[in-house]
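Working notes for the structure below.
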Amino acid sequence: MTRIIDHPILGKLADREIITFQFDGNTYEAYENETIAAALLANGIRKLRVHEGSGTPRGIYCNIGHCMECRVTVNDQANVRACLTVVNKNMIVESGKQHPNIFKRMVEQR
Amino acid sequence: MSDVIVIGGGPAGLAGAIACASSGLNVTIVDEFIKPGGRLLGQLHQEPSGEWWNGIKESERLHQEARKLSVDIRCGVSVYNLEKENHLWNVYTNSGTLTAPFVLVATGAAEYPIPLPGWTLPGVMSIGAAQVMTNVHRVQVGKKGIIIGANILAFAILNELQLAGITVDRIVLPERNQISQKAGEPEEVMKSLLNAAHLAPSPLLRFGSRFMRRDWIRKIGLNFYPKNGVKVNGTPLQLRKAAIEIIGKDHVEGVRIADIDANGTIIAGSETIYEADFVCIAGGLYPLAELTAVAGCPFQYIPELGGHVPHHSETMETPLEGLFVAGNITGIESGKIAMAQGTTAGLSIAKHVGKGAGTIDEQLQQAVKNVRTVRQHAAIQFNPEINSGRSKMNQLWDDLYANNNREDSPKKIV
Ligand SMILES: Cc1cc2nc3c(=O)[nH]c(=O)nc-3n(C[C@H](O)[C@H](O)[C@H](O)COP(=O)(O)OP(=O)(O)OC[C@H]3O[C@@H](n4cnc5c(N)ncnc54)[C@H](O)[C@@H]3O)c2cc1C
Ligand code: FES
């Protein structure tokens with residue numbers, strides 16, 4: 001997605017330091033002091049995780065910390081809100097994955 | 001130890017901290033967002049005077065003022081519990097527990113969701129999420145989107161998206177059901193839009209508001225409502241269409257939309273899929289008040305204020321000793337009012353501590369009056385019945401807590 005560089009009322013985006021971080025093993029660029037969610041969207045990435053049970057895709061919903069839809073794993077810490085967390089240099093971000101459902105598998109195998 | 005902990009660094013919390021610190025108190029603000037300002041940060045609208053209300057600038061101004069007064073502002077800190085122990089409040093956060101005799105809870109508002117099939121797809125977000133991404137983070141939420149839900153916040157943010165070069169294809173209603181309720185009934189939506197007509201986003205609504213106060217005229221108006229909608233700033237507002245389903249595989253690809261009659265009933269066979277790469281759901285706002293609930297504060301349901309609100313006085317105290325509230329936690333209103341309430345709460349706390357000798361009562365009275373004045377001149381009003389909602393709470397406070405010497409009145413909870 002595109003960054004809003006020039007804005008008719010808010011003015012031009014200030015120059016900021018560019019850093020790199022990783023998401024699911026790929027390296028991306030981000031602006032210093034922006035959230036993980038904003039940095040990923042600026043790189044065209046909307047999907048932050050899949051539902052633990054169903055495996056269906058999820059992204060941000062509220063963007064201000066209320067809904068928990070944006071939870072990702074940051075430097076091995078699970079369930080971190082991407083919309084409230086500032087992306088750091090060399091941060092390792094992993095999307096939320098589907099969990100194995102042994103009961104479902106047992107039913108399927110019968 | 002601080003004298004006061006302020007939970008939430010939005011306009012209410014910042015103004016409250018400034019008033020406390022100006023009276024000589026030690027203040028700590030905790031806020032879970034990346035910077036202070038709260039929802040004020042995303043706000044950008046033109047006042048009737050033509051001037052722009054620039055939330056980022058306003059937030060920076062408040063932030064600087066608080067810093068000058070040595071307010072300790074901690075961002076990225078989430079509060080998850082609030083408890084009284086030995087006359088002190090314990091504020092439990094994700095980075096340790098803070099303790100103080102006074103707490104101001106200014107956690108603001110949250111958005112009502114309107115679930116519909118497909119709403120969990122990446123690219124579907126609340127209207128406020130789009131505002132924050134656009135004005136605070138300066139990243140486009142998409143190329144072409146559809147807004148579901150027609151209310152005052154949706155129109156304000158429609159304009160903000162357009163300013164940032166993002167196309168909003170149309171605004172439609174949610175399908176009428178038990179969750180969407182009135183937001184899915186064209187007549188009810190029309191009524192609420194007409195109530196806000198002084199800031200109506202379209203000349204037709206402004207014109208219509210004069211004629212359409214009567215129910216029967218409104219009905220005719222809706223029956224003849226143009227099928228393709230009325231343009232608001234170039235985007236069709238389609239009060240006779242409802243979103244049935246959001247379509248897409250890994251992200252939003254479009255919305256299935258049907259025609260509806262004046263009551264919101266779907267007209268069979270009228271469904272069409274419109275392409276979009278993002279969808280905003282505008283369900284309205286409610287006070288975010290959980291922390292006062294876990295602290296043990298009594299609540300009242302007042303729809304004009306946006307939902308369940310903690311009992312509080314006009315000077316922003318709650319029945320719990322040392323616990324104060326300000327801003328949207330007390331009822332949904334615009335940023336300037338939150339700020340005025342914050343100042344009131346700050347002065348109220350100063351008075352309880354015994355600061356501001358001689359002049360504090362007058363300052364506090366002035367601040368309460370100022371809240372009413374700012375309310376009268378508000379450019380954005382979320383609920384036209386706000387005054388009646390405020391009166392209900394004041395009456396309740398008077399009945400329950402103000403007259404403590406009455407035999408039958410419950411004592412203040414200590
Ligand atoms: C998404 C959204 C968009 C809005 N847009 C507009 C608009 O365009 N125009 C307008 O006039 N009004 C708007 N409003 C209404 C807005 O609530 C008020 O204008 C004003 O910002 C309220 O001020 P406040 O200080 O009460 O709360 P807020 O400004 O919401 O500030 C509350 C602060 O508390 C913090 N917080 C909440 N819970 C916790 C916790 N548990 N731990 C730590 N910190 C916490 C939040 O991070 C936030 O910074 C919007 C509201 C929302 C929710
Ligand atoms: S998007 Fe709702 S918590 Fe992050």
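Chain naming here is simple, since letters A, B, ... match the order of the sequence lines and numbering starts at 1 in each.
Between the side chains of B/Glu111 and B/Ser126, at least one donor-acceptor pair of N or O atoms lies under 3.5 Å. Inspection of the A/Lys97 and A/Ser95 side chains reveals an N or O donor paired with an N or O acceptor under 3.5 Å.
Contact count versus chain B (heavy atoms, under 4.5 Å) is highest, among A/Ile60, A/Val50, A/Leu84, for A/Leu84. Contacts with chain A were tallied for B/Phe33, B/Trp52, B/Phe278, B/Trp119; B/Trp52 has the most, counting heavy-atom pairs under 4.5 Å. Among the candidates B/Arg138, B/Lys249, B/Lys35, the residue making the largest number of heavy-atom pairs closer than 4.5 Å to chain A is B/Arg138. With respect to chain A, the highest number of heavy-atom pairs below 4.5 Å among B/Ile56, B/Ile166, B/Ile281 belongs to B/Ile281. In terms of heavy-atom pairs under 4.5 Å with chain A, the best-connected choice from B/Ala129, B/Gly76, B/Pro113, B/Pro122 is B/Pro122. In terms of non-hydrogen atom pairs under 4.5 Å with chain B, the most contact-rich of A/Val86, A/Thr56, A/Ile5, A/Leu10 is A/Leu10. Between chain A and the options B/Gln131, B/His251, B/Glu32, the largest number of non-hydrogen pairs under 4.5 Å is found for B/Glu32. The choice from A/Cys83, A/Ala37, A/Cys62, A/Pro57 that makes the most heavy-atom pairs within less than 4.5 Å of chain B is A/Pro57.
For B/Ser78, the part sitting under 4.5 Å from any heavy atom of chain A is the side chain, from C-beta outward, and nothing else. Within the 4.5 angstrom heavy-atom criterion, only side-chain atoms of B/Leu44, from C-beta onward, approach chain A. Both the backbone and the side chain of A/His7 come within contact range of chain B, judged by heavy atoms closer than 4.5 Å. Residue A/Leu48 does not touch chain B at all, counting heavy-atom pairs closer than 4.5 Å. Only the side chain of B/Asn54 has a heavy atom closer than 4.5 Å to any heavy atom of chain A.
Salt-bridge annotation for B/Arg61 and B/Glu58: present, with a side-chain N of the basic residue lying under 4.0 Å from a carboxylate O of the acidic one. Taking a cutoff of 4.0 Å between a charged side-chain nitrogen and a carboxylate oxygen, B/Lys143 and B/Glu275 do not qualify as a salt bridge.
We find the CG-OG1 distance between A/Asn88 and A/Thr20 to be 11.5 Å, quoted to the nearest 0.5 Å. Separation of atoms CG (B/Leu161) and OG1 (B/Thr134) is listed at 4.5 Å; rounding is to 0.5 Å. Note: B/Ile7 CD1 to B/Asp31 CG = 10.5 Å, rounded to the nearest 0.5 Å.
Evaluation of the salt bridge (charged side-chain N to carboxylate O under 4.0 Å, His left out) rule for B/Arg256 yields B/Glu245, B/Glu271 as partners, not counting sequence neighbours.
The side-chain contact (heavy atoms from CB on, under 4.5 Å) test with B/Ile147 is passed by exactly one of B/Thr235, B/Asp169, B/Val172, B/Leu158: B/Leu158.
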